[in-house]
Amino acid sequence: AQTVTQSQPEMSVQEAETVTLSCTYDTSENNYYLFWYKQPPSRQMILVIRQEAYKQQNATENRFSVNFQKAAKSFSLKISDSQLGDTAMYFCAFMKQWSNTGKLIFGQGTTLQVKP
Amino acid sequence: DTGVSQDPRHKITKRGQNVTFRCDPISEHNRLYWYRQTLGQGPEFLTYFQNEAQLEKSRLLSDRFSAERPKGSFSTLEIQRTEQGDSAMYLCASRLTRQGTHEQYFGPGTRLTVT
């Protein structure tokens with residue numbers, strides 16, 4: 001069975017600074033996808049960034065980038081130039097590539113507070 | 001707004017009552033998922049539909065839970081004889097299974113409180 005662990009329940013960062021959220025996972029699969037989802041207070045969860053395990057290059061989306069270390073089973077999210085709108089709960093999630101269900105397995109989440 | 005809607009947004013019920021939640025996915029999405037999220041935790045998979053067929057149910061989904069997706073459109077999740085342990089946020093997500101697409105689009109959730 002796959003597990004996803006986020007060891008930082010809460011983090012804070014000053015506006016315009018950079019913050020890194022950690023995620024580790026455990027799986028015996030070789031092909032899979034990893035995701036970071038953002039859940040703002042009282043709002044819908046949205047996808048921030050996705051990484052395919054077969055790709056060595058780390059994914060980037062504007063101010064968001066990941067550090068994917070497959071051997072270490074680590075998948076951290078870096079947010080550059082933090083903005084007040086980045087305040088949210090962030091979830092790391094895993095999905096097997098050849099999965100009939102396509103279900104997501106989530107970590108416990110990290111609450112990020114961006115301070116002005 | 002992701003395009004996925006859920007109703008109601010909040011539900012308070014007394015233990016032993018039945019409740020039903022509705023999810024309206026993005027119209028062309030063939031997959032629909034239900035997750036449960038308790039306070040301070042990440043969402044946990046409950047069940048999913050491929051069009052109108054319910055193809056997998058988690059062990060978390062006891063016999064008191066039933067889900068339907070008639071005609072492959074909206075879905076309902078019913079909980080019978082609610083218990084305090086059912087208090088949680090119930091999230092719905094939809095997805096289009098097409099090569100290269102893996103994103104699930106989430107609704108705002110229904111927060112259930114069982115008193």
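All chains are named by letter (A, B, ...) in the order of the sequence lines, taking the proteins before the strands, and each is independently numbered beginning at 1. Small disclaimer: the values here were computed from a predicted structure and weren't measured.
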Would one find more than 12 heavy atoms of other residues, nucleotides or ligands at under 6.0 Å from atom NZ of A:Lys73? yes
Give a yes or no on whether the backbone of A:Thr101 and the side-chain of B:Tyr33 come within a donor-acceptor separation of less than 3.5 Å. yes
Are there over 12 heavy-atom neighbours, none belonging to A:Lys70, within less than 6.0 Å of that residue's NZ? yes
Do A:Leu104 and B:Tyr35 come close enough that some side-chain heavy atom pair is under 4.5 Å? yes
Does a sphere of radius 6.0 Å around CZ in A:Arg63 hold more than 12 heavy atoms from other residues, nucleotides or ligands, not counting ones at 6.0 Å or beyond? yes
Using atom types as modelled and distance alone, determine if a side-chain donor or acceptor of A:Gln44 lies under 3.5 Å from a backbone N or O of B:Gly3. no
Evaluate whether atom CG of B:Leu60 has more than 12 neighbouring non-hydrogen atoms of other residues, nucleotides or ligands under 6.0 angstrom away. yes
Rounded to the nearest 0.5 Å, how far apart are NZ of A:Lys103 and CD of B:Glu56? 4.5 Å
Using modelled atom types and a 3.5 Å cut-off, is there a donor and acceptor pairing between side-chain atoms of B:Gln104 and backbone atoms of A:Gly102? yes
Could you tell me which portion of B:Arg111 (side chain, backbone, both or neither) has an atom closer than 4.5 angstrom to a non-hydrogen atom of chain A? neither
Tell me whether B:Leu77 is reachable from B:Val4 by hopping between hydrophobic residues (I, L, V, M, F, W, Y) whose side-chain heavy atoms are closer than 4.5 Å. no
Could you list which of residues 7-29 of chain A have a heavy atom closer than 4.5 Å to any heavy atom of chain B, in residue-number order? none
Heavy-atom neighbours of A:Leu84 CG exceed 12 at 6.0 Å: yes
Check whether B:Tyr105 and A:Val48 end up in the same hydrophobic cluster, where Ile, Leu, Val, Met, Phe, Trp and Tyr are linked by side-chain heavy atoms less than 4.5 Å apart. no
Group every Ile, Leu, Val, Met, Phe, Trp and Tyr by side-chain heavy-atom contacts under 4.5 Å, then state whether A:Tyr90 and A:Tyr33 land in the same group. no
Considering all heavy atoms, the nearest A:Phe91-B:Gln37 contact: CZ-NE2, 3.2 Å
In terms of hydrophobic clustering (I, L, V, M, F, W, Y; side-chain heavy atoms under 4.5 Å; direct or indirect links), are B:Phe45 and A:Val4 co-clustered? no
How about CD on A:Gln57, more than 12 heavy atoms from neighbouring residues, nucleotides or ligands closer than 6.0 Å, or not? no
Applying a heavy-atom distance below 4.5 Å, give me the residues of residues 35-43 of chain A that approach chain B, sorted by number. A:Phe35, A:Tyr37, A:Gln39, A:Ser42
If hydrophobic clusters are built by linking Ile, Leu, Val, Met, Phe, Trp and Tyr wherever their side-chain heavy atoms come under 4.5 Å apart, do B:Met89 and B:Leu32 end up in the same one? no
Do B:Glu103 and A:Arg50 have side-chain heavy atoms sitting under 4.5 Å apart? no
Honestly, the part of A:Ile46 sitting under 4.5 Å from a heavy atom of chain B is side chain
So B:Pro108 and A:Met45, do their side chains get closer than 4.5 Å, heavy atoms only? no
